[in-house]
Peer 1: 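Here's a structure for you.
Sequential numbering from 1 along the given sequence is applied to the chain's residues. Reckoned from all heavy atoms, side chains included, excluding hydrogens, waters and symmetry mates.
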Amino acid sequence: MRTGTSLLLIRIPGQAEQRVALEKAMYTIGRWPDNDIVLSPDYVSGRHGRLERRGRAWYYTDLDSTNGTFVNGRLARSAELHDGDILRIGDPLGNSVSLTLRESAVVEAPAYSTIRIGTTALGLKPSLIIGRDPQADIPLQAPVVSWRHARLDRTAQGFVLTDLNSTNGTFVNGRRVTAPCIIKQGDVIQIGPFRLVWEAAGLQQYAVTGGVRLDGIGLRREVGSKARRKCILHDVSISIYPREFVALVGTSGAGKSTLMMALNGFVRAQKGQVLINGDDLYRHFDLYRTMVGYVPQDDIIHRELTVANALRYAARLRLPPDTSAEEIEKRIDEVLQQVEMLGQKDQLVSSLSGGQRKRVSIAVELLAEPKLFFLDEPTSGLDPGLEKKMMHTLRRLADGGRTVILVTHATSNISQCDHVCFLSQGRLVYFGPPHEAFQFFNVPGNDFADIYDRLDDLDPRQARQKAYMWEQRFRQSQQYQRYVVARQKMLPEIS
């Protein structure tokens, strides 16, 4: 709902964000100076698109531009826009500019949200089937939902919920259902990305919109024992909003992979919490595991198979066994389109380039539609041009509703990220927009490699002292207050 003047947030990599108040009914967008919103990059057409208000909604139309417009990560000629939707204009080389619609002047408030997508009147039927089947009494369309996932039965004691041996489980108030259970007023049933809230008016159906918020609070990890005990992650707190694309960077041994594995729950921190949309990931990992995708540094696909067969094999392992061959083929085409590999569907994996194999590995993880996506060195071994294109692909995946976190040593294209997280000796020494890092580290120019020089030292003791100094400086900075403290103040109290 609109609470004030709508805004268009314009982000060009390496530059500060621009904010345009949308006070007119129509705006032209393009490179020519007579446009209402002028975008200078040469990959923007002279008259690229039009933004207009019809009633209470904003609509975007691409004006036959050369490079087209992506709306939430998908190429589109026109679209109705909602709060948080992202327009992206780019070129085949991986350059791009984004325009994000916000329906309120308060742009920091929306962290994550749910929408009610329907109410199911309980009626007089003795049983209600919940599942992926379009003919189910409560149809839930998501790859991780089984065809007949769960059943609600009317009994003398009330409605009883039974999981029908689903692949990914049915959860009530965060706990997996292992036996039939009576549903009470206010109970929350969670199946895949859907929440069903039991209320007097009926079963209220909700879905998370805009992606997943991720918070790490005071994460600490130690290894070794007794005298050899060593802290490799020092009380790190980080806050990542839905649809944000975040790079974890730093020298070798800085703690990048340790932090990533703590955030995705695969190798947990010994102290602190990881929260998904305010809920404890470690405590409810079984509930959220289908939302998490992870692409390791090594390829996860069989090189002797065609791309299509590799994905078919992965789909049979990752999706419910009742997923039909037709559904699998449709899903394979969708994920290959997202990583721009549909043209290589029938090609042998062994014949692909390194960058293409990495894209197929990403497609494997996309099969289950994860909302939280982790990648370890996805650009390793790629030439600069392919690295830039890969970063652009990940940027569009974030636009499409995913929260994307990657570990990388390469820094030439991290300006495409929303935030960069610099680590040193297991300490968080910076988290915030890439372009603000240069001023924070007092580095002239725009070469992130110079920041490494600020942090690195051949003497281990000096390196530890430097890391501690920069950590303390960061905790006194405006970036820490804005991107960590202020964000985490919005979290509900977790017991």
Side-chain angles (χ1 to χ4, degrees), residues 7-20 39-41 94-100 102 105-108 215-216 234-241 243-251 254-256 259 387-388 391 394-395 398 404-457 462-489:
L7 293 176
L8 201 63
L9 310 183
I10 302 173
R11 297 186 179 98
I12 299 175
Q15 299 182 21
E17 178 183 87
Q18 303 174 49
R19 300 187 178 190
V20 176
L39 302 176
S40 59
N95 302 295
S96 70
V97 55
S98 70
L99 304 94
T100 304
R102 299 312 300 261
V106 184
V107 299
E108 291 294 340
D215 289 90
H234 292 264
D235 305 314
V236 171
S237 293
I238 188 172
S239 186
I240 303 171
Y241 276 179
R243 292 188 181 181
E244 286 190 336
F245 179 26
V246 173
L248 310 181
V249 300
T251 57
K256 304 182 295 296
L259 177 58
E387 177 195 326
K388 190 175 201 175
M391 293 291 283
L394 298 176
R395 173 70 269 175
V404 179
I405 300 102
L406 81 152
V407 166
T408 183
H409 281 95
T411 57
S412 57
N413 292 295
I414 60 174
S415 59
Q416 294 197 43
C417 298
D418 294 293
H419 296 292
V420 58
C421 170
F422 269 98
L423 294 160
S424 181
Q425 302 293 313
R427 299 181 185 275
L428 179 63
V429 297
Y430 177 82
F431 177 72
H435 70 274
E436 294 182 21
F438 301 110
Q439 181 179 1
F440 173 79
F441 287 105
N442 194 25
V443 169
N446 58 356
D447 189 345
F448 288 100
D450 292 338
I451 295 177
Y452 277 45
D453 292 338
R454 284 275 194 268
L455 300 173
D456 206 8
D457 200 295
Q462 290 293 327
R464 289 194 295 271
Q465 289 178 343
K466 274 189 176 183
Y468 176 78
M469 179 198 74
W470 283 111
E471 177 193 53
Q472 296 307 306
R473 179 173 176 177
F474 174 60
R475 292 190 177 186
Q476 300 299 317
S477 70
Q478 61 178 351
Q479 286 85 6
Y480 181 72
Q481 292 300 316
R482 181 173 182 182
Y483 302 113
V484 179
V485 175
R487 289 184 171 200
Q488 295 193 340
K489 279 182 180 178

Peer 1: Is the closest side-chain heavy-atom distance between F448 and P434 below 4.5 Å?
Peer 2: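 In short, these two side chains touch, coming nearer than 4.5 Å.
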Peer 1: Under 4.0 Å between a side-chain nitrogen and a carboxylate oxygen: does that hold for R102 and E17?
Peer 2: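 Not counted as a salt bridge, because no side-chain N and carboxylate O are separated by less than 4.0 Å.
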Peer 1: So which atom in Y483 and which in G432 form the shortest heavy-atom distance, rounded to 0.1 Å?
Peer 2: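 Nearest heavy atoms, Y483 then G432: CD1-CA, 3.9 Å.
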Peer 1: Flag the pair Y452 / V249 as yes when at least one side-chain heavy-atom distance between them is below 4.5 Å, and no otherwise.
Peer 2: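 Side-chain contact under 4.5 Å: yes.
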Peer 1: List the atom of I414, the atom of M391, and the distance in Å for their closest heavy-atom pair.
Peer 2: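 Minimum heavy-atom separation between I414 and M391: CA-CE, 4.1 Å.
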Peer 1: Kindly indicate whether the side chain of Q488, heavy atoms from C-beta on, has any atom under 4.5 Å from the side chain of S237.
Peer 2: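 Heavy-atom side-chain distance check passes, below 4.5 Å.
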Peer 1: Taking the side chain from R427 and the backbone from A467, do they hold a donor-acceptor pair closer than 3.5 Å?
Peer 2: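 Between the backbone of A467 and the side chain of R427 there is no qualifying donor-acceptor contact (under 3.5 Å).
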Peer 1: Let's go through S415 and N446 carefully: what are the C-alpha distance in whole Å and the side-chain angles of both, what is the deciding distance for side-chain contact (heavy atoms from CB on, under 4.5 Å) to 0.1 Å, and is it a yes or a no?
Peer 2: CA-CA 10 Å; S415 59; N446 58 356; over 6 Å; no
Peer 1: With a 4.5 Å cut-off on side-chain heavy atoms, are H234 and Y468 touching?
Peer 2: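 No, too far: nothing below the 4.5 Å cut-off.
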Peer 1: Can you find a pair of side-chain heavy atoms, one from L406 and one from F245, that are under 4.5 Å apart?
Peer 2: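 When only atoms from C-beta onward are counted, F245 and L406 do touch, with a gap below 4.5 Å.
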Peer 1: Which value, rounded to the nearest 0.5 Å, describes the distance between L248 atom CG and F431 atom CZ?
Peer 2: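 Taking CG in L248 and CZ in F431, the distance rounds to 9.0 Å.
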Peer 1: Heavy-atom distance under 4.5 Å between the side chains of R473 and F440, does that happen here?
Peer 2: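 Answer yes - side chains close enough.
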Peer 1: Decide yes or no for K388 and N95: does some side-chain heavy atom of the first lie under 4.5 Å from some side-chain heavy atom of the second?
Peer 2: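 Touching, per the 4.5 Å side-chain cut-off.
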Peer 1: Compute the ring centroids of F422 and F441, then answer whether they are less than 6.0 Å apart.
Peer 2: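 They qualify: ring centres under 6.0 Å apart.
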Peer 1: Could you measure the distance from the CD atom of Q15 to the OG atom of S40? Nearest 0.5 Å is fine.
Peer 2: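 It comes to 6.5 Å.
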Peer 1: If only atom types and distance count, is the side chain of R11 paired as donor or acceptor with the main-chain N or O of T100 below 3.5 Å?
Peer 2: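 Not a single qualifying donor-acceptor pair exists.
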Peer 1: Taking C-beta and beyond as the side chain, do L423 and L428 meet within less than 4.5 Å on heavy atoms?
Peer 2: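 Side chain of L423 against side chain of L428, heavy atoms only: contact under 4.5 Å found.
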